[in-house]
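Read through the structure below, which is laid out as structure tokens, and then see the notes.
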Amino acid sequence: MVTHELTFYLAAAALLILTVESCVKLLKRDPLGIAVVIYVTVFAWYFVDPFLNPEEYDYLPLSLLGQGYGQVLLFLVGFRIFVPIATRWILRRPNSGIFDTHLSPGQILRAAGSLWFILFLIGIYRMGGDVMGAVFPLDGRAGPTMWGRDALESGASGFLISSGGYVFNAVTAFLGVLIFFQRTISRRLIAGAMFAMTLPYFFLAGARSHFLAATLPCIITYLFYGRHPLFIRVAILGVAFVCLDQGFRFITEFRGTGYRDVLASENPYELVDKDLPQTGLNMIQELCFVDVYLGTGGTSPAWGTRYLNEVLNFIPRVIWPSKPLLGIDYAKWRGFESEHDENGELGVNTTVSTGMIGGGVLNFGRVFGPVAAGMLMAIWTGLLIRWWHQRQSLLRLVLFMLGTGLTFNLGRDITLLVLWPAIFAYFFVRLAEIWAAGRFTQLPKVPSLGPSVPGPTQVVAGRLNS
């Protein structure tokens, strides 16, 4: 049905033109080419699902779909206009970091590995010493996990558990990136072993966003710095995409009830619905629902209040007992209100993501909202470009890879709940730079880099050289 709307073709054409423009900029080593990750995100969340699950859109009025794709077009235009402005502004900010830290890839690996090991031990302790249950949470969402907690945990422990989970997610992603920069085979094997040991936890726990946050930085780093010829890297990435697609279908079907029946079955394939479609990419559908939510008077534009609540969500509920519950009003309007089950205190049995454009609409209305969302994503892109400029530091390069990997998850919601791994990672990177400044008081500070890009980065014996 979306193919009947003119705005669909206008938005698709704009997306294609902007994507080609970004690819050309990448070939010319123009940092603005990094915007391609935003265009890939928009394509995945707003253009794929209507063709994967067309029956889900049969009951939506064509005018509503047309309005939705008109808002996608507004987002793209707003993002493209604002991204060079945001990038120039961010690159002109003075640098406070010391990038020539004299920290070798091996030293960084030891620090990240030590933090990973401490968090892994804490997770096992929270699982009552059940190592196998910690690594392989076969009960999925129905059972305990290393960093799981109640949605309305009001004690100080809830904040610490959430923080530990985000740090564990970030350090796992760090290990996946560091594999490619170690000087010896033994260190690469150690980094790879710690990384691989953690993946079943993220996969079986059922949160696809956490699994992507842990794995995408590794995949992107392989694309940039893998030692295989380009065509082999592209082929391996294609295989990885197919595996992710099939793996997420498996997660969707069994994460609510667990995986024990699958493992115990003589023929596990009989339990898997081969026709099960890929779900969760329906942000254009949610954008239509958001427009109806506003149009019928279910709510009014929050004028930034929802974004502010997202920013302040880090405050523990023990300090702020009346802290707003994110997205609960929309989930209730969508029909997911719950009164008599274990989630009754929360008020819903599931929360519903509105998408990065839908979130802008809820905050600033159906016209200015998409543009506001585009501005926020432009600021995020400018920050990624700043970290890319600072890639002579391995720590900053890993930070860039982590941020790039998290960008896809922002398509589901522009929220700190997605960005916390990058925020915690930045905090530890700054600590490492401050520590290095104390050890080497004569280390030069790298001046703030302008819009021009230095020569291509090369990896020689595990060290980064520009």
Has Arg391 got a side-chain atom pairing as donor or acceptor with Trp388's backbone, closer than 3.5 angstrom?
yes

Taking atom CG of Leu27 as the centre, report whether more than 12 heavy atoms of other residues, nucleotides or ligands fall under 6.0 Å from it.
yes

Can you check whether Asn363's main-chain N or O pairs, donor with acceptor, with Arg306's side chain at less than 3.5 Å?
no

Backbone N or O of Thr415 within a donor-acceptor pair of the Asp413 side chain at under 3.5 Å?
no

Do Glu310 and Leu416 come close enough that some side-chain heavy atom pair is under 4.5 Å?
no

If you take all heavy atoms of Arg227 and Gln182, which pair is closest and at what distance?
NH2-O, 4.4 Å

Donor-acceptor check, side chain of Asn409 to backbone of Val418, threshold 3.5 angstrom: yes or no?
no

Can you list everything that forms a side chain to side chain donor-acceptor pair (under 3.5 Å) with Thr407? Sequence neighbours excluded, please.
Trp380

Gln390 and Arg396: side chain donor to acceptor below 3.5 Å
yes

Given His228 and Arg233, is the side chain to side chain contact (heavy atoms under 4.5 Å, CB included) satisfied, shown in steps?
CA-CA 6 Å; His228 298 118; Arg233 280 179 278 164; 4.2 Å; yes

Quick check: closest heavy atoms across Leu119 and Trp147, and the distance to 0.1 Å?
O-CZ2, 3.3 Å

Is there a side chain to side chain contact (heavy atoms under 4.5 Å, CB included) between Cys23 and Val36? Walk through the geometry before answering.
CA-CA 7 Å; Cys23 291; Val36 71; 4.2 Å; yes

The test is ring pair (Phe, Tyr, Trp, His ring centres under 6.0 Å); show your working for Phe75 and Tyr46 and say whether it passes.
CA-CA 12 Å; Phe75 170 88; Tyr46 290 91; 7.6 Å; no

Trp387: what forms a ring-ring contact (aromatic ring centres under 6.0 Å, His included) with it, not counting sequence neighbours?
none

Give the C-alpha distance, both sets of side-chain angles, the deciding distance and a yes or no for side chain to side chain contact (heavy atoms under 4.5 Å, CB included) between Met127 and Ile124.
CA-CA 5 Å; Met127 292 291 291; Ile124 293 174; 5.6 Å; no

Is any side-chain heavy atom of Thr184 closer than 4.5 Å to a side-chain heavy atom of Arg187?
yes

Could you check whether any side-chain heavy atom of Phe424 comes within less than 4.5 Å of a side-chain heavy atom of Val429, counting everything from C-beta outward?
no

Using side-chain heavy atoms (C-beta onward) and a distance below 4.5 Å, is Phe120 in contact with Thr198?
no

Does a side-chain heavy-atom distance below 4.5 Å link Pro105 with Leu178?
no

Minimum-distance pair of heavy atoms, taken over all atoms of Ala205 and Thr145:
CB-CG2, 4.3 Å

Residue that, paired with Phe211, satisfies ring-ring contact (aromatic ring centres under 6.0 Å, His included) out of Phe202, Phe408, Phe203
Phe203

Residue pair Arg183 / Ser104: nearest heavy atoms and the distance that separates them
NH2-CB, 4.0 Å

Checking Tyr39, Tyr9, Tyr69 against Phe47 for ring-ring contact (aromatic ring centres under 6.0 Å, His included), the one that qualifies is Tyr69

May I ask you to decide if the ring planes of Trp420 and Phe314 are parallel, tilted or perpendicular, using 30° and 60° as cut-offs?
perpendicular

Could you check whether any side-chain N or O of Arg430 sits under 3.5 Å from a backbone N or O of Ala425, counting only pairs where one atom can act as donor and the other as acceptor?
no

So, Asp291 and Gln71: side-chain donor and acceptor under 3.5 Å apart, yes or no?
yes

Between Glu56 and Asn53: side-chain donor-acceptor atoms closer than 3.5 Å:
no

Looking at residues at least two apart in the chain, or sitting in another chain, which of them share a side chain to side chain donor-acceptor pair (under 3.5 Å) with Arg366?
none

Would you check if there is a donor-acceptor pair between the side chains of Thr354 and Glu286 at a distance under 3.5 Å?
no

Tell me the closest heavy-atom pair linking Pro421 and Ala170, and the distance in Å.
O-CB, 3.4 Å

Any chance CZ of Phe368 has more than 12 other-residue heavy atoms, nucleotides or ligands included, within less than 6.0 Å?
no

Between Phe136 and Tyr259, is the ring centre distance below 6.0 Å?
no

If we only count heavy atoms from C-beta on, is the Trp435 to Leu431 side-chain gap below 4.5 Å?
no

Report yes if some heavy atom in the side chain of Met356 is under 4.5 Å from a heavy atom in the side chain of Met283; otherwise report no.
no

Are any of the side-chain heavy atoms of Phe428 and Val167 separated by less than 4.5 Å?
yes

Closest non-hydrogen contact found for Ile357 with Ala373 is CA-CB, 4.3 Å

Decide side-chain hydrogen bond (donor to acceptor under 3.5 Å, both in side chains) for Asp49 and Tyr57; before the verdict, give the C-alpha distance in whole Å, the side-chain angles of both, and the deciding distance to 0.1 Å.
CA-CA 9 Å; Asp49 193 66; Tyr57 295 82; 2.6 Å; yes

